[in-house]
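What follows is a single structure, written as structure tokens, with notes after it.
Hydrogens, waters and symmetry mates are skipped; everything else that's a heavy atom, side chains included, is used.
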Amino acid sequence: MAAAGPAAPSGPASPAGPAARDLFAEGLLEFLRPAVRQLDAHVHAVRESQVELREHIDSLATELCRINEDQKIALDLDPYVKKLLNARRRVVLVNNILQNAQERLRRLNHSVGKETARRKAMLEASGNYPQGSPSK
């Protein structure tokens, strides 16, 4: 265990002061930023796959309707078409939810970037950087 140095007075330049909290907050934001970006990328990929799924459902429903019309024997495909359309509606609903979540993530990521830049500028302007060692 490292020995603690002499007790520093509490204030803006002390390790327990606002500058240290700002550095901690900045570090935490930098730590979370990759996770937010990764989550955003995954949400984007899911949205793209859901658009593709919706297109396939539409195509299948159209094909079922065409087959039903072309059959000489009356096949009751309407329940299946209804199930496909219901599945499509749910896919669209989930896609809208994901789109809203992705937009919130994008705004959060933007806010994190602005807050990080603001804090960094504030720290640079005040010159309150923690010293590398107490002897310097």
Exercise for the section: Take Arg119 and Glu115, measure what salt bridge (charged side-chain N to carboxylate O under 4.0 Å, His left out) needs, and give me the verdict at the end. Expected result: CA-CA 6 Å; Arg119 288 175 185 248; Glu115 182 65 16; 2.6 Å; yes
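- Listed by chain and residue number, Asn86, Ala87 satisfy the side-chain contact (heavy atoms from CB on, under 4.5 Å) test with Arg90 (two or more places apart in sequence, or in another chain).
- Considering every non-hydrogen atom in both Val81 and Ala61, the closest pair reads CG2-O, 4.5 Å.
- Under the salt bridge (charged side-chain N to carboxylate O under 4.0 Å, His left out) criterion, Arg104 pairs with no residue, sequence neighbours left out.
- Cluster membership for Val112 and Met122, using ILVMFWY side-chain heavy atoms within less than 4.5 angstrom, is not shared.
- A distance of 6.5 Å separates CD of Gln102 from NE2 of His44, quoted to the nearest 0.5 Å.
- Leu28 and Leu39 fall into different hydrophobic clusters, where Ile, Leu, Val, Met, Phe, Trp and Tyr side chains are chained together by heavy-atom contacts under 4.5 Å.
- Asn100 contributes atom CG, which lies 8.0 Å from atom CD1 of Ile97 (distance to the nearest 0.5 angstrom).
- In the hydrophobic clustering of this structure, Val91 groups with Leu64; members are Ile, Leu, Val, Met, Phe, Trp, Tyr whose side-chain heavy atoms approach within less than 4.5 Å, directly or through other members.
- Under the 4.5 Å side-chain heavy-atom criterion for ILVMFWY residues, a single connected hydrophobic cluster contains both Leu84 and Leu53.
- Using a 4.5 Å cut-off on side-chain heavy atoms (C-beta onward), Lys114 and His110 make contact.
- Listed for the Gln50 side chain is a donor-acceptor partner under 3.5 Å among the backbone atoms of Asn95.
- Legend: residues meeting side-chain contact (heavy atoms from CB on, under 4.5 Å) with Glu55, ordered by chain and number and at least two apart, are Val51.
- In terms of hydrophobic clustering, with Ile, Leu, Val, Met, Phe, Trp and Tyr side chains grouped at heavy-atom distances under 4.5 Å, Leu60 and Leu85 are assigned to a common cluster.
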Practice task
For the pair Asn96 and Gln99, evaluate side chain to side chain contact (heavy atoms under 4.5 Å, CB included) and give the outcome as yes or no after the intermediate values.
Solution key: CA-CA 5 Å; Asn96 288 340; Gln99 187 174 1; 4.0 Å; yes
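- A distance of 11.5 Å separates CZ of Arg118 from OG of Ser111, quoted to the nearest 0.5 Å.
- Side-chain contact check for His42 versus Gln38: some heavy-atom pair is nearer than 4.5 Å.
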